[in-house]
Amino acid sequence: MSVWTRVTETLARLKGGEALSTLFDRLRTPPEKTVGFAIATVALGAKIAKADGLVTRNEVAAFREVFIIPDGEEANVARVYDLARQDVAGFEDYAQRIRRMFGEGAAQLADLLEGLFHIAVADGDYHPEENQFLNAVARIFGLPEHEFLRIRAEFVPDAERDPYDVLGVPHGAPVEEARKAWRALVRETHPDRLMAHGLPEECLRLAEKRLIAVNQAWEHISGGSPRPAP
């Protein structure tokens, strides 16, 4: 069963007048968190699509860069998007509920932030308001500053791409420390590990840009081509 079919079933549980954001207080068990991740990405994506004052076709189409959306499931994605846009609750309330849903320090929160960057840069521009939005979401999620900088470096062409930020190690860290960080990030990016996080199979393409950026950072620091990490 597609995650989007399960999303539709979850939306059907909303009572009359209930906001989409209330779902994040209910989706707390591992199977439901997969649905929660999909809803959270689309819902916050709807909020960030308006952060620069415009909602473009590219930003809407960006969901296809994050998720594999089967034919016939577009309406289910669109319903989540529209419910989030109509909800008067601000993105801060959404982000706080999502953090509680996944729990303190959950790996899905960084994965979700990557999905939001996909959407933010889909129109070819990274607006200052979008940067403020994503930085605020990262803080609410409890992600450290170096994690925000690492993810931004993956997606924003003009962002400073310090390889140490990408690997999440202090500037000028010893090569062996950078190697350990690189190996850990490569392992963490494996599709099996991401599915273990509770990400739906439909959005595993999130790992592609992360892996490219991580390997490039290690190549720059080590001065050579990286080998596959164990």
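Model, not experiment: these values are computed from the prediction.
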Taking the side chain as everything from C-beta on, heavy atoms only, tell me whether [X] gets closer than 4.5 Å to [Y].
X: Ile48; Y: Phe91; answer: no
X: Asp87; Y: Lys47; answer: yes
X: Ile98; Y: Phe37; answer: no
X: Leu134; Y: Tyr126; answer: yes
X: Trp4; Y: Val42; answer: yes
X: Arg26; Y: Met101; answer: no
X: Leu11; Y: Leu20; answer: yes
X: Trp218; Y: Val166; answer: no

Taking atom [atom1] of [X] and atom [atom2] of [Y], what is their separation to the nearest 0.5 Å?
X: Gln86; Y: Tyr81; atom1: CD; atom2: OH; answer: 11.5 Å
X: Leu167; Y: Gln216; atom1: CG; atom2: CD; answer: 11.5 Å
X: Leu116; Y: Glu130; atom1: CG; atom2: CD; answer: 11.0 Å
X: Leu14; Y: Leu23; atom1: CG; atom2: CG; answer: 4.0 Å
X: Arg99; Y: Leu112; atom1: CZ; atom2: CG; answer: 13.5 Å
X: Gln132; Y: His127; atom1: CD; atom2: NE2; answer: 9.5 Å

Please report the shortest heavy-atom distance between [X] and [Y], naming the atom on each side.
X: Ala138; Y: Phe148; result: CB-CD1, 4.0 Å
X: Glu177; Y: Ala173; result: OE1-CB, 3.6 Å
X: Gly36; Y: Leu27; result: CA-CD1, 3.6 Å
X: Arg97; Y: Thr22; result: NH1-CA, 3.8 Å
X: Tyr94; Y: Ala43; result: CE2-CB, 3.6 Å
X: Gly45; Y: Ile119; result: CA-CD1, 3.8 Å

Checklist line | Residue pair Arg152 / Asn131, side-chain donor-acceptor N/O under 3.5 Å | finding: yes

Checklist line | Phe155 and His118 aromatic ring geometry - parallel, tilted or perpendicular at 30°/60° bounds | finding: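 Perpendicular: the ring planes of His118 and Phe155 meet at over 60°.
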
Notebook entry, point to check: Stepwise, does the salt bridge (Lys or Arg N to Asp or Glu O under 4.0 Å) test hold for Asp82 with Arg85?
Noted result: CA-CA 5 Å; Asp82 288 339; Arg85 286 200 301 174; 3.1 Å; yes

Side-chain atoms of residues 140-147: list all donor-acceptor pairs with protein atoms under 3.5 Å, sequence neighbours left out, distances to 0.1 Å.
| residue | atom | partner | partner atom | Å |
| --- | --- | --- | --- | --- |
| Glu147 | OE1 | Arg150 | NE | 3.2 |
| Glu147 | OE2 | Arg150 | NH2 | 2.9 |

Margin query: Under the criterion salt bridge (Lys or Arg N to Asp or Glu O under 4.0 Å), I'd like the reasoning laid out for Glu176 against Arg179: C-alpha separation, chi angles, the key distance, then a yes or no.
Written below: CA-CA 5 Å; Glu176 190 54 37; Arg179 184 197 303 274; 3.2 Å; yes

